[in-house]
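Presented below is the structure to which this report refers.
Proteins get letters first, then strands, A, B, ... in listed order; numbering begins at 1 in each. These numbers come from a predicted model, not from an experiment.
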Amino acid sequence: MATVRVRFAPSPTGYLHVGGARTALFNWLFARRTGGTFLLRIEDTDKERSTEAHTQVILDGLEWLGITYDEGPLFQGGFGARHKADAERLLAEGQAYRCFCTREELDAQRAAAEKTGGAFRYDGRCGRLSPKELQDRMERGLPFSIRLRMPDGEIAWDDAVHGRISFQGHDLDDFIILRSDGTPIYNLAVVSDDIEMRITHVIRGDDHISNTPKQIALYRAFRKPEPIFAHVPMILGNDGKKLSKRHGATAVGDYQKLGILPLAMRNFLALLGWSPGGDREILPEAEMIQLFSLEGIQKKPAVFDVTKLEWMNGQYLSALPADALLAPVQRLLSQKGTKTDRDLLPLIDAVKTRSRTLTDVAGQIEIRLNGRGSVMDAKGVALKQKLGPAFSHNLRQAHTALSTLGPEDWTPANLEVELKTLAEKEGKKLGDIMQPIRVALTGGTVSEPVNELLTVVGREESLARILAAAGT
RNA sequence: GCCGCUAUCGUCUAGGGGCCUAGGACACAGCCCUCUCAAGGCUGGAACACGGGUUCGAAUCCCGUUAGCGGUACCA
């Protein structure tokens with residue numbers, strides 16, 4: 001078998017959609033699995049909607065996800081001459097013909113067809129022009145597009161994910177391959193490029209299934225072997241409709257902003273519509289590549305479940321060493337205007353298992369660094385009310401007890417002993433001592449163990465916050 | 001309308017004729033651990049769309065129905 005060559009071919013007309021990212025991921029995985037080549041081709045032939053900014057966003061998104069390409073980015077817009085020449089070759093060979101129908105005429109035909117309830121299919125009238133009629137139109141200098149003569153008969157292929165898919169040539173019409181301005185239509189550009197770039201496997205979205213018979217017709221017209229097609233299912237929103245802005249975050253960049261780790265995103269995306277078989281959920285890159293196969297791709301569309309993504313992100317957050325999280329956390333903190341010269345590593349370690357996103361991590365660190373002033377969250381307030389006077393009283397006692405520990409002795413082990421001793425001596429439940437301290441330090445009732453929290457916040461700051469909370 | 005694709009817990013999925021009284025994960029509920037929360041452990045509820053075949057035997061194979069989705073451009 002020839003060396004695998006695959007491509008991801010987005011059009012830069014919007015942001016990098018998670019569906020596109022997953023298509024890219026599958027291509028990448030397949031290339032890495034087979035030792036093939038993965039190339040990136042930007043399909044910017046739609047000049048109206050394509051922008052450089054969008055191209056950059058796509059490039060950034062792929063880089064963020066760690067999806068690396070071996071060739072490209074290639075810009076389809078640069079291959080116009082070849083596209084045109086290919087169309088003209090087909091024309092010269094009689095496999096395509098000039099169509100002089102105007103847009104208005106076509107629209108009228110379409111409207112008429114819809115009225116009678118039938119499907120509009122170009123009737124091929126310009127393909128039946130006599131040599132004289134053709135010559136006449138040419139002499140009058142009428143603009144024309146070029147249409148492919150669609151052969152009758154079956155057009156079928158063995159899709160790597162769906163199995164055999166079959167269309168009938170007579171259900172398809174003689175579609176335009178070159179516009180009257182000499183620019184190519186998508187299907188021509190794709191086939192021309194895929195042939196030129198020696199693409200062996202076309203892995204793309206399900207929505208291209210209906211383009212495939214047209215493209216196969218083109219391969220046949222060019223007398224080139226067609227590649228293997230693998231059509232991956234769509235990604236849906238939680239209402240079962242195609243994922244769109246309406247559903248909230250759909251762009252890869254949105255998840256980056258939300259504090260999702262690229263590794264978690266990639267892992268999640270890989271498992272959306274693909275399964276290695278068995279029970280695997282967390283897949284390191286090497287295993288993902290090792291296990292990847294086109295056969296493992298699901299036929300049906302998948303609903304994008306943000307909750308599971310966040311769970312997975314939490315798994316990565318817990319498992320990753322603090323220094324792997326340092327850079328993004330620092331970025332987030334500086335975005336919030338939080339400045340510190342403290343070593344963030346212990347802070348990250350303290351909060352990462354309790355976080356689902358990097359934004360959570362940064363938020364919790366900020367509280368440990370700066371406190372929340374006298375602001376308490378709802379649970380903090382509730383606890384204070386429940387305890388009544390004991391809240392302040394216990395805090396004062398804790399303050400007195402903890403003050404006896406000097407900076408040298410301010411360690412998790414000593415702090416735990418000190419607090420347990422206090423609780424025992426006073427005949428109080430440990431929680432009635434610990435929880436007020438937690439509220440004093442964080443404003444809430446959730447954190448790492450209090451003795452650790454005290455060391456993370458630091459001696460002076462902790463004592464100050466305890467005193468402040470006791471006084472109010 | 002026409003063409004095509006798809007159909008297992010709410011969601012992601014395992015399953016490719018007997019191993020299935022259908023397994024795992026997320027979410028949910030309960031319990032354990034425990035100074036709280038997370039993590040972790042245990043337990044529970046929760047699905048083979050429907051109808052016909054084929055077969056000794058179907059979640060698995062075939063046909064139909066229904067539903068959902070995609071396409072139906074001188075867009076990509």
Between protein and nucleotides 62-71 of chain B, what N or O pairs are separated by less than 3.5 Å?
residue: B:rC69; atom: OP1; partner: A:Lys241; partner atom: NZ; Å: 2.8
residue: B:rG71; atom: O4'; partner: A:Ser210; partner atom: OG; Å: 3.2
residue: B:rG71; atom: O2'; partner: A:Ser210; partner atom: OG; Å: 3.0

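Salt bridge status for A:Glu448 with A:Arg438: absent, with no side-chain N to carboxylate O gap under 4.0 Å. Classification of A:Arg41 and A:Glu43 as a salt-bridged pair holds, one side-chain N sitting under 4.0 Å from a carboxylate O. Taking 4.0 Å as the cut-off between side-chain N and carboxylate O, A:Asp123 and A:Arg125 count as a salt-bridged pair.
The residue A:Thr183 sits apart from the nucleic acid: no heavy atom pair falls under 4.0 Å. Within 4.0 Å of A:Thr13, counting heavy atoms only, lies no atom of the nucleic acid at all. Looking at heavy-atom distances under 4.0 Å, A:Asn451 makes contact with a base. Looking at heavy-atom distances under 4.0 Å, A:Thr45 makes contact with sugar-phosphate atoms alone, never a base. Residue-level contact check: A:Cys101 touches the bases, meaning some heavy atom is under 4.0 Å from a base atom. Residue contacts shown for A:Ser180 include a base, since a base heavy atom lies under 4.0 Å away. Looking at heavy-atom distances under 4.0 Å, A:Val303 makes contact with sugar-phosphate atoms alone, never a base. Residue contacts for A:Glu281: at a heavy-atom cut-off of 4.0 Å it reaches a base atom on one of the strands shown.
A:Ile216 is linked by a side-chain contact (heavy atoms from CB on, under 4.5 Å) to A:Ile155, A:Trp157, A:Thr212, A:Arg220, A:Glu226, A:Phe229, counting only residues two or more places apart in sequence or in another chain. Every residue two or more places apart in sequence or in another chain was checked for a ring pair (Phe, Tyr, Trp, His ring centres under 6.0 Å) with A:Phe175, and none qualifies. Partners of A:Ala156 according to the side-chain contact (heavy atoms from CB on, under 4.5 Å) rule, which considers only residues two or more places apart in sequence or in another chain, are A:Glu154, A:Arg164, A:Ser166. The ring pair (Phe, Tyr, Trp, His ring centres under 6.0 Å) search around A:Phe292 returns A:Phe26, A:Trp274, not counting sequence neighbours. For the ring pair (Phe, Tyr, Trp, His ring centres under 6.0 Å) test, no residue two or more places apart in sequence or in another chain qualifies with A:Phe79. Here A:Tyr122 pairs with nothing under the ring pair (Phe, Tyr, Trp, His ring centres under 6.0 Å) rule; sequence neighbours left out.
When the side-chain nitrogen and oxygen atoms of A:Arg110 are compared with OP1 and OP2 of B:rC74, one or more of them lie within a distance under 4.0 Å. Distances shorter than 4.0 Å separate none of the side-chain N or O atoms of A:Thr445 from OP1 or OP2 on B:rC37. Distances shorter than 4.0 Å separate some side-chain N or O of A:Arg179 from OP1 or OP2 on B:rA76.
Tested against A:Val361 for a side-chain contact (heavy atoms from CB on, under 4.5 Å), the candidates A:Leu344, A:Leu347, A:Leu317 yield a single pass: A:Leu317.
Near RNA chain B, meaning a heavy atom under 4.0 Å from it, residues 351-368 of chain A has A:Thr353, A:Arg354, A:Arg356 in order of number. Applying a 4.0 Å cut-off to non-hydrogen atoms, the residues of residues 304-321 of chain A that approach RNA chain B are A:Asp305, A:Thr307, A:Lys308, A:Trp311, A:Gln315, listed by residue number. Scanning residues 14-27 of chain A for heavy-atom distances under 4.0 Å to RNA chain B yields an empty list.
Figure legend. B:rA49 is base-paired to B:rU65; pairs are counted as Watson-Crick or G-U wobble with both atom distances under 3.5 Å.
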With a 3.5 Å cut-off and sequence neighbours excluded, list the donor-acceptor pairs that the side chains of residues 6-15 of chain A form with protein atoms.
residue: A:Arg7; atom: NE; partner: A:Asp194; partner atom: OD1; Å: 3.0
residue: A:Arg7; atom: NE; partner: A:Asp194; partner atom: OD2; Å: 3.4
residue: A:Arg7; atom: NH2; partner: A:Asp194; partner atom: OD2; Å: 2.8

Side-chain donor-acceptor pairs under 3.5 Å in residues 141-151 of chain A, sequence neighbours left out?
residue: A:Arg147; atom: NH1; partner: A:Asp174; partner atom: O; Å: 2.7
residue: A:Arg149; atom: NE; partner: A:Gly94; partner atom: O; Å: 3.1
residue: A:Arg149; atom: NH1; partner: A:Gly127; partner atom: O; Å: 3.2

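Put simply, the side chain of A:Arg438 and the base of B:rC35 share a donor and an acceptor less than 3.5 Å apart.
Distance noted for atom C1' between B:rA39 and B:rC33: 11 Å (whole Å).
Where A:Leu178 and A:Ile165 each meet RNA chain B at their nearest nucleotide, the meeting point lying more 5' is that of A:Ile165.
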